[in-house]
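Input: a single structure, listed below in structure tokens.
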Amino acid sequence: MANATLSYDVLVVGAGIAGLQASLDLADQGRKVLLVEKQPSIGGRMINLSKVFPTLDCASCITTPRMASVAHHPNIDTRTFAELKGLRREDGRFRATLRQKARFVDGARCIGCRSCEEACPVLVPDEYEHGLGARKAIRIPFTNAIPQLALLDMDHCTLCGLCARACPTDCIDFLQKDADTEVEAGAVILATGHELTRMDAKPHYGGARLPNVLSPMQAERLLAPHGAYGRVLRPSDGRIPDSIAYVQCAGSRDRSLGVPYCSRVCCMFAAKQAMLLSGSLPTADITIYYMDIRAFGKGYEQFVANARAMGIHFVKAKVARVTEDADHNPVVRLERQEDRGLPEEVTHDLVVLSLGMLPGADPVLEDFAGVRAAPDGFLESPQAPLAPARTSQPGVFAAGTATGPKDIVDSITEAGSAAMEAVGFLRRLGEGRP
Amino acid sequence: MGQAAVVDPELLKAGQGNGKKILILTTLASSYPGANAVGQARLSYSPDTYIFRVPDPVMFPDDFYLQCFDKGFGGILVMSSGSDCPYEGAYQRLSARIARVYLKMKEKGISTRRLKLTTICTVCRAAFLKEIAEMRKAVAGE
Amino acid sequence: MNGTGRPGDNQLGESTGDVRVGVYVCHCGGNISDVVDVKALAGLMAEYPHVAVAKEYPFMCSDPGQEIILEDIRANRVNRVVVASCSPTLHETTFRRALQRGGLNPYLYEHVNIREQVSWVHKDDHAAATRKALALVRAGVEKATRLDPLEALRVKAERRVAVIGGGPAGMSAALALAGAGLPVDLFEKGPALGGRLLEMGRVFPTGEEATALARRLAEDVAAQGSIRVHLGGEITRVDGYVGNFEVRVEEGGSQARVKAGALVLATGFDHYLPGAGEFGSGDAARVATLPEFQKALGSLPAGKVLRWRGREIRHLAFLHCVGSRQAEGLNPPQADGKVNDYCSRVCCTAALHAASQVLDRFPGTQVYDCHKDIRTYGRGHEAYYEDAAKKGALFFRYAEDALPEYLPASGLLPARLKFRDVLTWMEEVEVPADLLVLATGVVPRAIKGLVESLKLPVGADRFLQEAHPKLRPVEVANNGIFLAGTCQAPMTLDEACAAAGAAAAKAAQLLSQAEISLDPFVVELKAERCTGCGKCLEECSYSGALKLVDRPLAGLGATPPGPEGLSAAVIAVNEALCKGCGACVAVCEPRALELAGWHLDQFEAMAGAIAAS
Amino acid sequence: MTEKNFNAVREQLKLAKERRGPAPAGLVEEVKEQARTQKAVLEALDKGPLTVPELAAAAGLSPRKALWWVTALRKYGRVAEGPKRGAYLSYAKNAEKP
């Protein structure tokens with residue numbers, strides 16, 4: 001190889017809250033970290049939330065400072081819009097192939113001014129708003145994205161050139177190509193996160209088919225301080241909803257979906273969203289249909305008690321299906337468990353399906369020497385009771401939802417533990433006894 | 001990109017326009033980035049507003065506010081970090097201090113509407129604009 | 001404009017020498033210059049007092065832009081720099097580094113935001129935007145002329161960590177720290193390492209023997225030469241502050257003192273002990289707590305029916321939420337007058353794990369489970385619930401508005417648990433219980449001495465209070481003290497071990513260098529101005545950051561003579577404990593206290609410049 | 001100020017078109033359709049603020065589409081939220097951008 005391969009102490013894959021925290025916990029100990037994120041911004045799912053339970057801190061308020069610390073840390077190199085394409089072990093170190101996806105923008109020259117975005121004539125449903133809002137074909141991914149660099153979605157570009165003409169720094173490069181690079185590292189932390197179960201995983205719940213049946217992330221964007229609509233409206237016609245229902249376990253605790261486990265966060269985010277909804281729509285009726293309320297974290301029980309006290313209805317019921325009437329009002333067919341369980345139908349303005357968590361799709365794991373997934377699909381942690389961050393491969397550690405559903409605080413804690421495992425591994429490596 | 005702005009030098013030397021100046025005290029952790037978010041969203045507010053950033057406005061003594069009124073500021077908005085303030089007890093101390101400043105303002109016959117303590121987070125764009133609009137009204141009413 | 005002219009203030013040309021400010025206005029490629037007349041701005045600033053040069057440039061942050069500043073430092077003897085451009089959150093560090101490269105102290109820099117807070121928000125009125133930018137840049141120059149060079153604070157730190165508590169979390173933390181190369185003192189008040197692991201039976205989700213895990217951890221600890229284990233000692237006091245703690249421990253009749261740069265608290269939990277008669281407790285043959293049952297379960301020989309204290313248990317009932325999720329007005333209050341309104345997190349899974357083991361090994365025993373909610377949230381936990389249900393356990397959900405009632409055995413009737421069952425439409429049921437197992441919750445271990453000597457924050461639930469429940473779960477407000485495991489909240493074993501790792505990570509970061517580097521933006525004292533009035537002490541939230549000390553009088557001009565004329569009280573600042581909020585600055589009339597980098601006279605001058613613009 | 005090299009942009013676009021081949025299927029039609037819809041929406045709002053159902057009727061869109069359009073136009077400063085009317089918000093056109 002003519003090119004010298006960049007070398008790091010630790011490669012952290014995934015820049016959600018777990019990856020950010022693990023990187024900081026390593027870098028603050030003087031370790032050199034390469035943080036790789038496949039999305040165009042760091043921040044993961046947390047930066048996309050409205051507020052967090054149980055503190056009701058605004059999610060972007062408390063995530064952006066942490067993102068900024070990572071971005072400015074002298075010991076952390078960050079690559080966004082980059083994917084891990086391969087990882088192998090050689091002479092006791094890990095070698096990774098990274099694919100830098102083309103942004104079609106020169107990152108060194110872009111000043112984040114959005115002139116290109118203003119000029120672009122193509123509107124595309126905005127993935128950051130989960131389809132509720134719109135973006136341009138070239139855009140800064142979202143207001144507090146880090147880095148503040150534009151990126152062009154070539155699939156929606158007509159090559160009209162208006163963006164290039166508007167750019168004050170001539171930074172748009174329509175000819176940019178994906179580029180692979182090799183890096184090496186002594187240890188690896190996988191913070192590859194999670195996906196949600198598909199909206200149509202339970203077709204009888206109407207997800208992805210009925211316009212007023214939303215995913216939890218769409219509901220977050222309804223509630224976020226500068227979300228798609230800037231307020232809570234229902235997507236079918238922009239009406240301010242008066243009756244909103246949550247269907248719990250709509251993607252968890254269900255063997256038929258291959259998700260027999262509990263997704264851990266849905267009870268709490270439903271209670272949180274319900275509280276926020278009742279704050280912005282004081283007269284609205286809000287109901288949570290649930291099997292068990294799992295408010296097990298610190299301060300969570302009291303949080304749910306507050307939600308009940310605010311008048312949120314918690315109804316223990318089995319939801320059979322969700323249909324809609326002629327005005328697109330979702331109709332929930334259910335059996336209450338606290339009453340004589342006769343089937344009944346309740347009409348709401350808006351229904352949120354509390355989807356479950358699935359392992360974050362990461363194709364690399366398939367050819368990833370020695371790192372196994374458990375039968376639930378998440379990374380196996382064979383030494384779980386005492387060393388939960390260890391995977392089946394020495395030197396590769398896991399943090400956050402890579403090893404199963406987890407809330408933010410548990411992800412942060414585990415990230416610290418993964419960082420310490422990596423530090424210990426590096427020292428043993430240095431002493432020649434990995 | 002538009003034309004580079006050229007402003008008549010007389011307009012610059014003419015001092016302020018019609019409005020009295022509003023001083024806005026913001027925190028490094030919350031309200032200063034909050035003010036930036038307003039700009040990032042290309043929203044707009046009155047230009048007679050001057051933003052200072054400090055670790056926490058709890059550092060300003062009572063006199064600081066009174067002197068600013070003496071110097072000619074029409075209003076002062078104190079945008080604190082509130083409950084997510086990184087400093088223990090700072091918000092309580094600050095609000096106690098502002099309460100004392102109110103008493104002194106009353107003694108001096110300065111309308112207490114010209115000073116307001118509020119909390120602004122890093123993405124409170126609407127609240128930021130609302131506070132400025134309200135303070136503008138308060139200042140104009142003088 | 002020349003400051004407020006208080007005697008002794010940072011008068012220009014006095015302590016700062018010949019002040020020569022360089023002002024640089026950025027166009028931001030049109031983002032600023034389309035709205036603000038940058039040429040006029042630079043032109044007017046060039047005439048402003050103390051400004052040596054004022055320039056405008058399309059991209060100040062670019063390499064050629066920074067080079068302009070470096071050239072002016074070299075050739076034009078610029079010694080203060082003001083850049084008017086985007087938000088300081090984007091490029092303040094960029095320009096501070098440029099100053100450093102040019103040989104200037106990086107803190108002799110002031111950043112003026114004329115993009116996010118001027119051109120982007122006032123684009124419809126170019127004159128007003130330019131006027132505002134001018135006023136802000138003038139204010140920036142006023143501040144810059146009053147800046148002092150700053151150096152990062154350094155506190156010498158003991159490169160050693162004291163871990164208090166020798167259970168799984170304490171041992172894990174000690175191992176992680178030793179793994180990172182830090183020497184550790186591990187304190188366990190019991191006779192052996194292991195803590196609660198020594199009495200846990202089998203652990204979920206792997207089903208391993210808890211004592212075997214404890215042994216493995218203890219062996220790993222023993223194999224680490226850098227961990228000193230203190231067994232059976234009583235910690236009598238802990239003093240000090242970040243970098244410099246001292247743990248006093250009484251070991252075998254003698255006092256030992258151990259120095260440490262950081263503390264990891266792994267003081268663990270206690271099981272909730274039911275009150276006398278609470279759900280039949282006290283009837284030892286018929287009512288057991290879940291921890292008692294778990295501990296004994298492993299050693300009970302398998303058979304058709306479970307035998308407990310000589311009796312056949314055909315009907316075994318578990319009751320959840322004993323000592324947890326208590327409701328005011330329903331449950332009798334605890335010793336401190338409050339109820340335990342929190343969820344203990346681990347008991348649902350532990351109960352179902354036990355139920356599933358019973359159903360496996362004693363197929364003739366009927367298991368009943370009486371709960372409010374089943375909270376088998378963790379990885380593999382739900383499987384115990386499914387397994388118990390599949391093997392025939394019957395589940396009841398008691399109504400939350402009344403406590404289940406324990407009915408003792410009488411005549412031919414066995415003991416029973418009576419409640420209204422939500423799942424059968426609020427019917428009143430009586431569940432037979434030859435043995436009733438109370439799934440008791442978790443309460444924090446009492447550590448009053450530590451809490452008092454270290455002034456540790458304690459939450460309403462009596463657990464130690466983390467700095468932020470979401471983002472900083474293993475830190476407390478006190479610098480240098482970290483929380484590992486169940487002293488902070490109820491946790492499973494793997495969660496406690498993860499928290500231990502996270503706490504170790506924080507301690508290791510703190511002690512990664514011989515000196516702890518602290519932000520320079522703390523309170524600085526001009527001792528000659530201090531009158532010893534002590535008002536600042538009342539204003540300070542950080543215990544020990546400020547204190548009154550005796551100083552010899554000579555040379556303290558502002559201090560009134562003491563009665564004996566020998567010494568007077570003055571304030572001393574402990575920079576390691578100061579967080580730099582500035583609350584004390586506001587009440588210090590003689591201005592003896594100032595926040596480094598954020599002096600009041602700077603702000604007064606800035607306000608003056610803006611008012612005069 | 002950087003001197004714009006429009007020729008360089010043109011040259012790049014030509015090469016990019018050669019490299020990519022024709023624009024993704026339907027994209028050009030879609031963009032044209034978007035331009036028409038945007039015009040229809042803005043023209044409908046010329047007569048004064050409208051709620052989403054009113055706008056949908058005036059511009060010949062489904063209410064769902066109409067909401068998506070006001071959301072998009074609001075984000076890019078062409079439309080602003082107006083007063084509430086019943087259970088709906090109204091939306092008004094912003095003054096034309098310079």
Side-chain angles (χ1 to χ4, degrees), chain A residues 25 28-30 52 54-55 57 62 66 68 72 111 113 115 148 168-169 253 260-262 264 292-302 305 316 337-341 376 378 381 384-389 403-405 408-410 412-421 423-424 427-428, chain C residues 28-31 59 89-90 93 168 172 176 179-181 203 205-206 208 213 216-217 325 341-343 345 373-383 386 397 422-423 425-426 461 463 468-471 473-474 488-489 493-495 497-506 508-509 512-513:
Chain A
D25 282 345
D28 285 345
Q29 292 183 59
V52 296
T55 52
D57 285 321
I62 64 174
R66 207 146 286 210
H72 293 147
I111 54 169
C113 70
S115 301
Q148 280 277 308
T169 66
R253 302 179 69 189
Y261 49 83
C262 166
R264 280 174 78 145
D292 294 284
I293 287 297
R294 295 191 160 169
F296 54 83
K298 188 168 184 174
Y300 294 3
E301 185 72 31
Q302 297 87 334
K316 188 164 168 80
Q337 308 228 287
E338 286 161 75
D339 230 326
R340 292 284 159 188
D376 61 12
F378 292 94
S381 37
L386 299 181
T403 53
I408 291 167
V409 65
D410 288 350
I412 284 179
T413 306
E414 206 182 78
S417 151
M420 268 331 254
E421 292 276 10
V423 167
R427 275 192 86 246
R428 291 196 299 276
Chain C
C28 197
N31 278 286
F59 296 104
T89 51
L90 292 172
T93 41
S172 295
V203 301
T206 54
E208 288 162 280
L213 293 178
R216 201 203 298 166
L217 276 175
R325 300 182 67 186
D341 58 358
Y342 56 89
C343 167
R345 187 164 175 141
D373 293 283
I374 293 282
R375 295 186 165 171
T376 42
Y377 65 91
R379 201 174 188 187
H381 295 192
E382 196 89 297
E386 284 185 341
R397 186 181 159 95
V422 173
L423 301 179
W425 312 302
M426 295 297 179
D461 55 9
F463 288 90
H468 189 282
K470 206 78 192 167
L471 290 181
V474 300
Q488 185 248 341
L493 176 59
D494 56 330
E495 289 162 351
C497 289
K506 297 292 171 217
Q509 284 157 34
S512 61
Q513 278 160 352

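Side chains included, hydrogens not; waters and symmetry mates left out as well; all remaining heavy atoms used. Residue numbers start from 1 in every chain, and the chains themselves are labelled A, B, ... in the order their sequence lines are given, proteins ahead of strands.
- With hydrogens and angles ignored, the 3.5 Å screen pairs no side-chain donor or acceptor of C:E495 with any backbone N or O of A:D410.
- Side-chain atoms of A:D292 come within 3.5 Å of backbone atoms of C:I374 as a donor-acceptor pair (strictly under, hydrogens ignored).
- Interface residue C:D341: backbone and side-chain heavy atoms are both found under 4.5 Å from chain A.
- By the side-chain hydrogen bond (donor to acceptor under 3.5 Å, both in side chains) test, A:E414 pairs with A:T403, A:K406, sequence neighbours left out.
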Q: Decide side-chain contact (heavy atoms from CB on, under 4.5 Å) for C:D494 and A:L386; before the verdict, give the C-alpha distance in whole Å, the side-chain angles of both, and the deciding distance to 0.1 Å.
A: CA-CA 6 Å; C:D494 56 330; A:L386 299 181; over 6 Å; no
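- Of the two parts of C:Q488, the backbone and the side chain both hold a non-hydrogen atom closer than 4.5 Å to a non-hydrogen atom of chain A.
- With respect to chain A, the highest number of heavy-atom pairs below 4.5 Å among C:A180, C:P205, C:A503 belongs to C:A180.
- A:P168 approaches C:F59 most closely through the heavy-atom pair O-CZ, 4.2 Å.
- Annotation: maximal heavy-atom pairing with chain C below 4.5 Å, among A:H72, A:Q337, A:Q148, occurs at A:Q337.
- Partners of C:D373 by side-chain hydrogen bond (donor to acceptor under 3.5 Å, both in side chains), not counting sequence neighbours, listed by chain and number: C:R325, C:R397.
- The existence of a salt bridge linking A:E301 and C:R345 is excluded, since no basic side-chain nitrogen approaches an acidic carboxylate oxygen closer than 4.0 Å.
- With respect to A:R294 and C:E382, a salt bridge is recorded, a charged nitrogen being found less than 4.0 Å from a carboxylate O.
- Between chain A and the options C:L471, C:V422, C:T206, the largest number of non-hydrogen pairs under 4.5 Å is found for C:L471.
- The shortest distance between side-chain heavy atoms of C:Y342 and A:K298 does not fall below 4.5 Å.
- Looking at C:T376 and A:C262, their side chains never come closer than 4.5 Å, going by heavy atoms from C-beta outward.
- Interface summary for chain A: among C:A176, C:A508, C:A505, the most heavy-atom pairs under 4.5 angstrom belong to C:A505.
- For A:D28 and C:K506, the salt-bridge test fails: no basic side-chain N is under 4.0 Å from an acidic carboxylate O.
- Per-residue counts of heavy-atom pairs under 4.5 Å with chain C were compared for A:A295, A:P54, A:A419, A:G299; the largest is that of A:A295.
- Of the possible donor and acceptor atoms, one in the side chain of C:R379 sits under 3.5 Å from a partner among the backbone N and O of A:F378.
- Counting only heavy atoms from C-beta outward, the side chains of A:P388 and C:C497 approach each other to under 4.5 Å.
- Going from atom CE of A:M420 over to atom OG of C:S172 covers 11.5 Å, rounded to the nearest 0.5 Å.
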Q: May I have the step-by-step check of side-chain contact (heavy atoms from CB on, under 4.5 Å) for A:I111 and C:C28, ending in yes or no?
A: CA-CA 8 Å; A:I111 54 169; C:C28 197; 3.8 Å; yes
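- Ranked by heavy-atom pairs under 4.5 Å with chain C, the first of A:G416, A:A418, A:A305, A:G297 is A:G416.
- Contact tally against chain A (heavy-atom pairs below 4.5 Å) for C:A489, C:G378, C:G181: the top residue is C:G181.
- The residue among A:A68, A:P260, A:A389 with the most heavy atom pairs within less than 4.5 Å of chain C is A:P260.
- Side-chain atoms of C:K470 do not come within 3.5 Å of backbone N or O of A:V52 as any donor-acceptor pair.
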